Structure formats: C-alpha cells, structure tokens
Amino acid sequence: MLSTPTRLEWLQTMTLMIVNDEVEQLAHELARQTGEPIPRIILEALRERARRIQTPRAEVQAIARIRRARQSCARLPDRNTDSVDAILGYGPDGTFDLW
C-alpha cells in the first residue's frame, strides 16, 4: 500500500533521472498494460527487488535463531528417564498401548 509522503519527505526527495531506453520502454509498456503511473511501476519494481534481496538474509537469520534455540534446548537436563518407546506409547512387546 502506498502512503502519502509528508511535507518533509517531499522536501528531502530528489529527482531520479534514468537514461536507459529499455527501462523507458518497459515502464511505458507496463503503464499501458496496468493503467498505473510510471513512478508507481518503478516503485513497485524496486520494492519487489528489495524483498527478493532481503529474503535470503532473513532466512539465514531465522536458521541461525533456530540453531541457537536447538543448542539451548540440548543443554537442558533430560528429566524424563523413560525409554523413547515408552514415551511414544509402545509397550514391552512392541505393541502400541494407549494407556
């Protein structure tokens, strides 16, 4: 969703001039197809590219957090001394016991 810039934001902005025939051609083609103004098309393209670049970084950070949590949990004492089979509900004869 686009937000309306504040007066200060308008004063702090500068014009971006792109001299590239392909960029101009693509922007005009998208504007024709979508009915959107060219600045909005360029803004959305830049936002989409920024998201694609940030996603791998965010994934790496999430994986690092998960690894830290796993290591933290591994350091906790094991308070349940039951066997894995007993925890899962299997009896001594290998059948599944509900209770």
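Small disclaimer: the values here were computed from a predicted structure and weren't measured. What's counted below: heavy atoms across the whole structure, side chains too, no hydrogens, waters or symmetry copies.
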Only pairs under 3.5 Å count here: list side-chain donor-acceptor contacts from residues 17-39, not counting sequence neighbours, and write none if there are none.
unit_1 : atom_1 : unit_2 : atom_2 : d
Asn20  : OD1    : Glu22  : N      : 2.9
Asn20  : OD1    : Val23  : N      : 3.0
Glu29  : OE2    : Arg32  : NH2    : 2.6
Glu29  : OE2    : Gln33  : NE2    : 2.7
Thr34  : OG1    : Leu30  : O      : 2.7
Thr34  : OG1    : Glu36  : N      : 3.2

(request) Verify whether one side chain among Ser83 and Asp85 offers a donor that lies under 3.5 Å from an acceptor in the other. (result) no
(message) Test of understanding: with salt bridge (Lys or Arg N to Asp or Glu O under 4.0 Å), list the residues that count as partners of Glu48, not counting sequence neighbours.
(response) Arg52
(message) Applying side-chain hydrogen bond (donor to acceptor under 3.5 Å, both in side chains) as the test, list every pair that has at least one member in residues 56-67; sequence neighbours left out.
(response) none
(message) Are Ile87 and Tyr90 linked, directly or through intermediate hydrophobic residues, by side-chain heavy-atom contacts shorter than 4.5 Å (ILVMFWY only)?
(response) no
(request) Hey, could you give me the CZ/CZ distance between Arg40 and Arg47, rounded to the nearest 0.5 Å? (result) 9.0 Å
(request) Go through the structure and list residues passing side-chain contact (heavy atoms from CB on, under 4.5 Å) with Ile66, not counting sequence neighbours. (result) none
Please list every donor-acceptor pair under 3.5 Å in which a side-chain atom of residues 71-81 meets a protein atom from a residue at least two apart or in another chain.
unit_1 : atom_1 : unit_2 : atom_2 : d
Asp78  : OD1    : Asn80  : N      : 3.3
Asn80  : OD1    : Asp82  : N      : 2.9

(request) Hydrophobic side-chain clustering at under 4.5 Å (ILVMFWY, transitive links): who's grouped with Ile63? Put none if nobody. (result) none
